[in-house]
Visitor: 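Take this structure, written in C-alpha cells, and hold onto it; I'll ask about it next.
Computed from a prediction, not measured in an experiment: that's the story for all the values here. Just so you know, these numbers use all the heavy atoms, side chains as well, and skip hydrogens, waters and symmetry mates. Reminder, nothing fancy here: chain letters follow the sequence lines and each chain counts from 1.
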There are 2 protein chains.
Amino acid sequence: MNRSRTRAPAGVNLPALRHHNAALVLDLLRAAGAEGISRLELAEGTGLTPQAVSKITARLREDGLAAGAGLRPSTGGKPRTVLRLVPDAQFAVGLHLDRDGLTAVLVDLAGRPVAVTTAPLDLGAPAERVLADAADAVRDLCAAEPHKPVLGVGVAVPGPLDHRDGVLHRVTGFPRWDGYPLRAALAERTGLPVVLDKDTNAAALALALGGAGGGDFAYLHLGTGLGAGLVLGGEVHRGARTGAGEFGHQTLQLDGPLCGCGGRGCIEALCLAAEARGDRGEAARVLGTGAANLVGLLDIDRVVLGGRTVAADEDAYVRGVRAVIEERAARGGAGAGVTVTVAGGGDRPVAEGAAQLVLAPVFGRIGEEKRVGEEKEDRG
Amino acid sequence: MNRSRTRAPAGVNLPALRHHNAALVLDLLRAAGAEGISRLELAEGTGLTPQAVSKITARLREDGLAAGAGLRPSTGGKPRTVLRLVPDAQFAVGLHLDRDGLTAVLVDLAGRPVAVTTAPLDLGAPAERVLADAADAVRDLCAAEPHKPVLGVGVAVPGPLDHRDGVLHRVTGFPRWDGYPLRAALAERTGLPVVLDKDTNAAALALALGGAGGGDFAYLHLGTGLGAGLVLGGEVHRGARTGAGEFGHQTLQLDGPLCGCGGRGCIEALCLAAEARGDRGEAARVLGTGAANLVGLLDIDRVVLGGRTVAADEDAYVRGVRAVIEERAARGGAGAGVTVTVAGGGDRPVAEGAAQLVLAPVFGRIGEEKRVGEEKEDRG
DNA sequence: TGCACTTTGGCAACAGCGTTGCTTAAGTGG
DNA sequence: CCACTTAAGCAACGCTGTTGCCAAAGTGCA
C-alpha cells in the first residue's frame, strides 16, 4: 500500500516493449559510432533474435535513424551488413546557465556538437531577462539546422533544484531563484520539451556517454566550490529530491576549521584553504581522501576530476588523489583498480551533458517509465 | 563497443514481458498484505488496463499464488472483488552465517518466518564442516513445510564477497575462506538455487520490504565493526564488485588515531574508541556525522541503525545521530525530513533478509535481466 | 416492488510483438 | 563449377495487452 507511491507504474505493454527494444538497439548503434555494427552483433548485444533485430532496424531505417554503412569482410559466407546511426536525423539543445555566463550547444544524435554559442549572463538579473537570453540562444541554435527536428532543451544549472518538477531551489548566491519553475517557463517560451538538472550531473552524464569506458564513477568538480555527479548502474544518481552529490560539505575533519556553510571540517573548506595558501599537495590529499571514502562506500570504478581549480594543475590533483586511493587499496581496503582521470574540455562538457539529458530517453537511458501509456507529442 | 559489456543484454521478448508484469502485480499484492487489493487498484498501480490485470490475476490464481478475499463495500455499483497473495504457496530459506553462530529461517511468500533454527557455528572450522551444518539446517527447515516448493536459499555472510559469482573473499578474521565458491558448493549440497550476499545488504533488503515506508535509505550496522547497506531507487546498491557499503573505514578525521585497517581517523575506530571509554554521546556524534555525510551525498530519506552496540543503548544513538543530521539541515544543508530509527529484532532480520534475496526476483525487485532468454529450472 | 443507473469484470475479436521454419542472397574454398 | 558457409528476409505462428461489448451485481429513487 505504501510502496505503490514510491514506485512508478511500470506495467509494460506492447508499444512500450517496442520502444524499449528500439532504444536498446539505438544505444548500441550510438556506442558503435562511425564504424557501425552488424545485425548479428546487435542481436548478441540485446539478447534478441537476429530476426527481431532485422525488423527493428528496418523500422529505424524507415524513420531515417539508421542506415547501412558497407560490409564486413566475409568469414566464409555472406558478409555482414554494417549499420550505423544517422547522427543528423535529430538534434538536441544543451544549455549551461552559469553564474556569469551562458553556453549553448546544438548536438546531433551522436552527441557531437554542431553549433556552439557563448554569451555573458548575469544570473542575478530578473528572471524575465535571463529567460529571454536563454530562449534567444535556443532559437539561434535551432536555426543552424533548419527543417530538422529538435527533440528538446536540456538545462544545466549550478544550484540545488528539483529535476522532476524542473523547479529551482536556493541557487547559491542567488536566492531570488528559489521556487522558480524554470522548466515550465522555458518550455513555454521555446515550445520545446525542457529537462533541468544540476551542472555536475550534466557533466557526469556527458562523461558516462563520452566513450571513456563504462562502469560506475564519480565526477568531482572543484571550482569555486566542490560538488559531485554520481553515475551508478550506468545512470545518474540524483536521489529522491535531486539532492545527491553534495560532496563539498562532507565532514572530513571532526571539529575542523569553520566552513562557509556553518559546519566544521568540510572537504570544500579544507581543500580550498590548502589551495589558497599554496599547498596544492595537501589540497589534493584532502580531495583524494574524500574520493577514497566515496570509492569505498559506493564501489565505483573510476574517479574523474574537473573544474577550474583542478584545471590549474591537473597533474598534481590526479597524482594526489590517486595516491590516497592506491594507498588505501594497498592496505587491503577498497579501491584496487580504480582509475583517476581529468575530464578536460573546460566547461563545454556541461552544456553537452545538458543536451544528453534530452537524448538519454531516446537511447533508453533514463525516464523510460514516464512513457508507459502516454502519447508522445510530436513537434516539428 | 565498450558499453555492451557493462550493460547486461536487456532485450525484452513476450515471455519476459509477461513475467515482468506478473511480478509487478505480485509485488502490489504483497504490499497490500492480508487486507488485499482490488483489480482496479492493481490496474492503477501498474498502469495496465483492467482487462490485462484480470488476465494476469487469473493466471496467478490458477498457479495458486493469488486468491479472492471478499468484497469491498459498493460505491454505487458492483462491489470490487479483493485479491490477496497466498503466502504459503511457496517458501524460501534464509541463512545467516555469522562468526559464532548460524541462524536459519524458512519464510513464506509474504516474508513471514514460519520456522527458525539457531545453532552455534565456528566459521574457523573446515569448509566441509560449515557447509554440512548449513545444509543440515536447510534440510531441517524444508521438512517443516513438506510438499511445498522451496524457491531457494539466500545466504548472508559478514565479510567481503562477490554477489554475482557467489564467491567469498577475505572474510575478516577468517582468511581461509578467501576465494571459496560458497554458492556453488551449497547449491550442489542442497539441490536448490543459492544466492549470496553481505549481511548488511540482507538486513537492508529486509528493511526495504518490511513495511516501514519506502524510499531510499541506509542501514548502518554497528557491532564489533561498522558497515552499511544501501538501498537506492528501491534496490540494494552493491556496486560492481559487491564492495559497496564499506562505511566503517571512511575517513572522518584527517590524520586521526590509527585504525586496525591501517588507516587514520576511520569512523569505526573513532566510534568504537569513544564507546570503549564510555563516551556514548561522542560515539553517537561520530556515527551521526558519518550518517550526515551519507545523507548529503546520496540524498536518502531515512537512516536505520542496528547492531549489538546500538542495541545496548538505542535511544542515545538515535538521538545523537538525529541531532547531527538535524543540525546540518537547520544550517541549510541536506537532511531535512530525514528520519532516524533503529532496526530492532536483533539478528533475525538478517536471516529474513537473506530469504528475501531469493524472493526478490519473484516480485520483480532484482535480477530481472538474468531471466531474459533463459529457461528456469524447475525444482520441486 | 420495480426500474434506471453505476460499477465491476469477463468474453471475443484484434493489432502487434518477437519467434520459428524455411528460403534466398552472397560470399569462400576445393 | 560445385559444395559449403553465413547473412538476412518472408510467412506463419503463438502470445501479449487492448478494445468493444455485454452480463453480473450492487445502489437509489419513484
Visitor: When the distance from CD of Glu41(A) to C1' of dA7(D) is rounded to whole Å, what number comes out?
Guide: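 Value for this atom pair: 13 Å.
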Visitor: Does Arg238(A) pair with Asp197(A) as a salt bridge, N-O distance under 4.0 Å?
Guide: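 Salt bridge between Arg238(A) and Asp197(A), a charged N being under 4.0 Å from a carboxylate O: yes.
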Visitor: Among dG9(C), dG9(D), dT8(C), which nucleotide has an atom closest to any side-chain atom of Ser54(A)?
Guide: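 So the side chain of Ser54(A) is nearest to dG9(D).
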Visitor: About how many Å separate CG of Leu85(B) and CG of Leu60(B), when rounded to the nearest 0.5 Å?
Guide: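 Rounded to the nearest 0.5 Å, the CG-CG separation comes out at 9.0 Å.
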Visitor: Expressed as a whole number of angstroms, how long is the span from His20(B):NE2 to dC15(D):P?
Guide: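 Result: 21 Å.
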Visitor: Under 4.0 Å between any heavy atoms, over every strand shown, what does Leu17(A) touch: base, sugar-phosphate, or nothing? Just pick one.
Guide: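 Contact class for Leu17(A): sugar-phosphate only.
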Visitor: Could you state the CZ-C1' distance from Arg59(B) to dG10(C), rounded to the nearest angstrom?
Guide: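 These atoms are roughly 15 Å apart.
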Visitor: Relative to the 5' end of DNA chain D, which residue comes earlier, Leu40(A) or Thr75(B), by the nucleotide with the nearest heavy atom?
Guide: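 Comparing both residues, the 5'-ward one is Leu40(A).
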Visitor: Can you tell me which nucleotide in dG26(D), dA8(D), dT19(C) comes closest to the side chain of Thr81(A)?
Guide: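 When the side chain of Thr81(A) is considered, dA8(D) is the closest of dG26(D), dA8(D), dT19(C).
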Visitor: Could you say whether Pro15(A) or Gln51(A) is positioned toward the 5' end of DNA chain C, judged by the nucleotide with the nearest heavy atom to each?
Guide: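 It is Pro15(A), whose closest nucleotide lies nearer the 5' terminus.
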Visitor: Salt bridge between Asp301(A) and Arg241(B), side-chain N to carboxylate O under 4.0 Å?
Guide: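 Yes, this pair counts.
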Visitor: Of all the nucleotides listed (dA8(D), dT20(C), dG9(C)), which has the minimum atom distance to the side chain of Thr49(A)?
Guide: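 Selected nucleotide: dT20(C).
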Visitor: So does Arg39(A) get a side-chain nitrogen or oxygen closer than 4.0 Å to the phosphate oxygens (OP1/OP2) of dG9(D)?
Guide: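 For Arg39(A), the contact criterion (side-chain N or O under 4.0 Å from OP1 or OP2 of dG9(D)) is met.
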Visitor: Inspect the surroundings of CZ in Arg59(A) and state if more than 12 heavy atoms from other residues, nucleotides or ligands are less than 6.0 Å away.
Guide: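 Enclosed: over 12 neighbouring heavy atoms sit under 6.0 Å from CZ of Arg59(A).
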Visitor: Is there a side-chain contact between Arg72(B) and the phosphate of dA25(D), meaning an N or O under 4.0 Å from OP1 or OP2?
Guide: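 False: Arg72(B) side-chain N/O out of range (4.0 Å or more) of dA25(D) OP1/OP2.
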Visitor: Measure from CG on Leu42(B) to P on dG9(C) and round the result to the nearest Å.
Guide: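 It works out to 10 Å between those atoms.
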Visitor: With nearest nucleotide decided by heavy atoms, which residue, Val53(A) or Gly77(A), maps closer to the 5′ end of DNA chain C?
Guide: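 Result of the comparison: Val53(A).
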Visitor: Nearest of dT19(C), dT18(D), dG9(D) to any side-chain atom of Ala52(A)?
Guide: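 Closest of the options to the side chain of Ala52(A): dT19(C).
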Visitor: In whole Å, I'd like the distance from the NZ atom of Lys55(B) to the P atom of dG17(D).
Guide: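 That distance rounds to 7 Å.
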Visitor: Given atom CG of Asn13(B) and atom C1' of dG17(D), what is their separation to the nearest angstrom?
Guide: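 So the two atoms are 15 Å apart, to the nearest Å.
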Visitor: Measure CG/Leu14(B) against C1'/dT18(D) and give the value in whole Å, please.
Guide: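 From Leu14(B) CG to dT18(D) C1': 14 Å.
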Visitor: Would you say a side-chain N or O of Asn21(A) is under 4.0 Å from OP1 or OP2 of dC17(C)?
Guide: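 The answer is no; no side-chain N or O of Asn21(A) sits under 4.0 Å from OP1 or OP2.
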Visitor: Compare the minimum distances between each of dT18(D), dC17(C), dT28(C) and the side chain of Ser74(A), then state the nucleotide with the smallest one.
Guide: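 The listed nucleotide nearest to Ser74(A)'s side chain is dT28(C).
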Visitor: Between Glu41(B) and Arg72(B) (salt bridge meaning N to carboxylate O under 4.0 Å), is one present in this structure?
Guide: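 Salt bridge: yes.
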Visitor: What is the distance, to the nearest angstrom, from the CD atom on Glu62(A) to the P atom on dG9(D)?
Guide: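 Nearest whole value for this atom pair: 13 Å.
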Visitor: State which of dA25(D), dG17(D), dG18(C) makes the closest approach to the side chain of Ile56(A).
Guide: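 Closest nucleotide among those given: dG18(C).
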Visitor: If we only count heavy atoms from C-beta on, is the His237(A) to Val231(A) side-chain gap below 4.5 Å?
Guide: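 His237(A) vs Val231(A): side chains apart.
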Visitor: Starting the side chain at C-beta, find the nucleotide from dG10(C), dA7(D), dT7(C) nearest to Lys78(A).
Guide: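 Output: dA7(D).
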